[in-house]
*Asks:* 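I have a structure I would like to understand better, so I am pasting it below and will then ask my questions one at a time.
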Amino acid sequence: MGSERKVTKTLCRMCDDHCGINVYTENGKIVDIDGSNHYWNQGRLCVKGRAGVDFFYHKDRILKPLKKVDGKFVEIELEQALDEIAEKMNEVKSKYGARAMSIWKGEAIGFAQQEEIARRFIHAIGSPNYFSNDSQCFVGRWIGYSLVAGSWMAQPDFENSKCIVLWGANPPNAHPNMTQYIMKAKQNGAKIVTIDSRLSNIARQSHVFAQVKPGTDGAVALGIIKLLIERNAIDNDFVENYTIGFDKLKEYSMKFDEAFVCKETGIDKETLYAIVDAISSAKNKVINYVGNGLEHHENGINNIRAVASIDAIVGGFDQKGGNFMPEGFGQSELTLYDEVPLMHLDPIGADRFPVFYEYRQECHTMTAMDTIISEKPYPLKGMIIAGANPASTNPNSKKVVEALSKLDLLVVRELFMSETAELADYVLPAASYLERAELHYHGMHQVATLTNRLTTIPGVQDEYQFLHDIAHRVGAGEYFPWENEDALNEWLVEPTGVSIETLKANPEGYQYKPLRYKKWETKAQNGEKPFNTHTGKVEIFSEYLENLGYDGLPVYISPDYIANAEEEYPLTMITGARKLVYYHSRNKNFKRFLTAVPKGEVELHPEDAKSLNVKDGDLVKVTSKIGSMEVEVCIKHRKEIMPGIIQITHGWKNANVNLITHDDKFDPIDGFPLMKAVKVKIEKL
Ligand SMILES: Nc1nc2c(c(=O)[nH]1)N[C@H]1C(S)=C(S)[C@@H](COP(=O)(O)OP(=O)(O)OC[C@H]3O[C@@H](n4cnc5c(=O)[nH]c(N)nc54)[C@H](O)[C@@H]3O)O[C@H]1N2
Ligand SMILES: Nc1nc2c(c(=O)[nH]1)N[C@H]1C(S)=C(S)[C@@H](COP(=O)(O)OP(=O)(O)OC[C@H]3O[C@@H](n4cnc5c(=O)[nH]c(N)nc54)[C@H](O)[C@@H]3O)O[C@H]1N2
Ligand code: SF4
Ligand SMILES: [Mo]
């Protein structure tokens, strides 16, 4: 009897790149995955993508609801779990009010639809408290660029660019497929510039590599701006007609002469000039691409605004080969911010970080931990977490564990037992990406794709079904009228003019609109706001920020470890440099990946290793003002990391760097925590 082999096309969600995949099944069993000819990846696939099979059939997958009884988990039936969770939510609501309940979506299920369903749910039950990993991811770049130009593009038009400047980003590790576009641009003659504190994988493939001290990118950017202005390598027409505050920036940038920039940032004059040469010869076909490396700092937003000001003065926004601004799909609005405005209920963190709240309409996770512990300004007693593992990934893990343990109700939706799930009252088995049908948009090509549900596992719900079932049990069913996610998807596409059938017929992506560049020009001609900022212009100077008490200009502030060096903490730690095979706290349970990268390590410069008298594999204690952690040493080549700088990647249970990252030091605009540029000391154990 021959076995029946079938291929189903869908999208990979082992990382956020969302590559098109062919999933092969034999007699209903998934046997292989390879890359499909989707617009985005055109046949390519990375190692994590292939590991989707390991993931789906992993022996440790949670397939039954778990309830904690006397400190131990016992399996219960789904209906019982849903009934009990709804009952406990009603108790929390009647004792403390609806705002004592909250929801948190993590990196593993975001963004778009899954995020908006979570937002909808929490508003539907009367609480403003929606949290996500975006208190420390992506939003720094998004707000930084949105303040200047009204939007940020995670996938700009790399392919047609003539100069790509990567600031604190390492696509070969973090966005394997996206890297192909950068390499294509390189083949077509684009100059690649990398600005990083480490000789990263993309730095090795760049024409220019500027090795900067952590947190000093704003000084580099302002130094570049000064030179571009002096050389008149700017788009004078664009600056005059579409920007605000250029003269102020020009005056301010004059402070950033070569001598200051080089001393402050650690790069040399030749490198600075080489960057300026690369940018000026590309004119507006320039992309400044900002990664996570600029976000986790106390002056992150202003450093990012300074970088965005480079795009502004060379006129690179919404250009072919520049920072292209895609048009949306135009689907139905799932969130209820207009229908159920809940500002009067004090969303957590909205008063502390008003810009973060205004731009993102979400609550601040670090503030939430303090709120749970102190019960101030009001008690936060219940939380549903899906696709996140904050006990590992949020800063100050000890506090996170203390806070989450104090909740009256913690529900975690998971595939595996995580550090966070361990703390839960209920752990519910969640549907993986191969068991969900959801819409995804690839901005670079303006392509929409509907993912294909390959199979379902009895008792394992997708996020929509779970929230639907709970909403109906707690009296918020009117907001969840769609029986399942398929029905929801029908409603979502209604206003787009594109049917579900069309999307189903195009599993390798459906281009919903042809690309149009320079939309600001057409908008200006039609009397519309050219850019989606407060004034409609590109805001090099932000009156909005000034009115809130911040600097209107992207003012540079020296990081604390430079401005206030302390003998006790002689080293500076960056964290989170991505390893290709792992995803934050994920994938540590895949044997083949553990063989490749078996443990967490502290990466050191050979000089620092020498003065600490440590060798590879030695166990050391790393201490910051937040706490201590133990980790093994990995000595890097002298060019790979700067002397005095150490790097530890997060996500390891036995070497958890977030035991020593700061939840108490923030960027004042977006509230992002200090997790790169942390003052530390190391002791040999
Ligand atoms: N394999 C894998 N891929 C991932 C992830 C993962 O965990 N694993 N995570 C995903 C997520 S959620 C995100 S947000 C993205 C992040 O995507 P990226 O930002 O591209 O990824 P990182 O590896 O964090 O790259 C940050 C770089 O910034 C450098 N850096 C640190 N501090 C500074 C600084 O102050 N200035 C400068 N100029 N550079 C600095 C680091 O050395 C590092 O090389 O990756 C995504 N992709
Ligand atoms: N020190 C330091 N810490 C950092 C960073 C850093 O650079 N340095 N980076 C930060 C960034 S950018 C981010 S985005 C955060 C990410 O942090 P988190 O949002 O916590 O992301 P993950 O660690 O990927 O956690 C995902 C969890 O979801 C589970 N999961 C996987 N697939 C599914 C699914 O389909 N459904 C459900 N319900 N669950 C699933 C996984 O088993 C895992 O336990 O980490 C941050 N933490
Ligand atoms: S880059 Fe790799 S893990 Fe990410 S979506 Fe593509 S194949 Fe999947
Ligand atoms: Mo992230």
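All values below were derived from every heavy atom in this structure, side-chain atoms included, with hydrogens, water molecules and symmetry-related copies excluded. Every number for a ligand or one of its atoms is a count from 1 in the order of the listing.
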*Asks:* Return yes or no for this condition: an N or O of Asn389 is under 3.5 Å from an N or O of ligand 2.
*Replies:* yes
*Asks:* Do any nitrogen or oxygen atoms of Ser432 come within less than 3.5 Å of a nitrogen or oxygen of ligand 2?
*Replies:*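 No, since none of the N or O atoms of Ser432 sits under 3.5 Å from an N or O of ligand 2.
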*Asks:* Have a look at Pro172 and tell me which of Ile182, Ile202, Leu580 forms a side chain to side chain contact (heavy atoms under 4.5 Å, CB included) with it.
*Replies:* Ile202
*Asks:* Of the side chain and backbone of Val657, name the one, both, or neither that has a heavy atom under 4.0 Å from an atom of ligand 2.
*Replies:*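 It is the side chain that touches ligand 2; the backbone stays farther off.
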*Asks:* Looking at His468, Glu485, Glu438, Lys105, which one forms a side chain to side chain contact (heavy atoms under 4.5 Å, CB included) with Ile117?
*Replies:*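 Of His468, Glu485, Glu438, Lys105, side chain to side chain contact (heavy atoms under 4.5 Å, CB included) with Ile117 is met by Glu485 alone.
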*Asks:* Assert yes or no for the condition that the ring centre distance of Phe158 to Tyr289 is strictly below 6.0 Å.
*Replies:*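 Yes, close enough.
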*Asks:* Counting only heavy atoms and a distance below 4.0 Å, can you name the residues contacting ligand 1?
*Replies:* Lys48, Glu107, Cys137, Arg141, Gly168, Ala169, Asn170, Asn173, Ala174, His175, Ile195, Asp196, Ser197, Arg198, Val212, Pro214, Gly215, Asp217, Gly291, Asn292, Gly293, Leu294, His297, Ile574, Gly576, Ala577, Arg578, Lys579, Leu580, Tyr582, Tyr583, His584, Lys676
*Asks:* Quick one: does any side-chain atom of His445 pair with a main-chain N or O of Tyr441 as donor and acceptor, under 3.5 Å?
*Replies:* no
*Asks:* Rounded at 0.5 Å granularity, tell me how far NE2 in His364 sits from CD in Glu362.
*Replies:*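 Those atoms lie 9.5 Å apart.
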*Asks:* Shortest non-hydrogen contact from Ala421 to Phe416?
*Replies:* CB-O, 4.5 Å
*Asks:* Compute the minimum heavy-atom distance from Arg13 to ligand 2 and say whether it is under 4.0 Å.
*Replies:* no
*Asks:* Who are the ring-ring contact (aromatic ring centres under 6.0 Å, His included) partners of Tyr426, not counting sequence neighbours?
*Replies:*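 Partners of Tyr426 under the ring-ring contact (aromatic ring centres under 6.0 Å, His included) test: none.
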*Asks:* Heavy-atom contact under 4.0 Å between Ala431 and ligand 2?
*Replies:* yes
*Asks:* Please list, in chain and residue-number order, the protein N/O/S atoms closer than 2.8 Å to atom 4 (Fe) of ligand 3.
*Replies:*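 Near atom 4 (Fe) of ligand 3, the protein supplies Cys15 SG.
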*Asks:* Can you tell if the side chain of Ile287 reaches within under 4.5 Å of the side chain of Val165, non-hydrogen atoms only?
*Replies:*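 With C-beta onward as the side chain, the pair stays apart.
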*Asks:* To the nearest 0.5 Å, tell me how far Leu66 CG sits from Asp425 CG.
*Replies:* 12.0 Å
*Asks:* Any N or O on Glu414 sitting closer than 3.5 Å to an N or O of ligand 2?
*Replies:* yes
*Asks:* List for me each residue that meets ring-ring contact (aromatic ring centres under 6.0 Å, His included) alongside His605, sequence neighbours excluded, and say none if there are none.
*Replies:* none
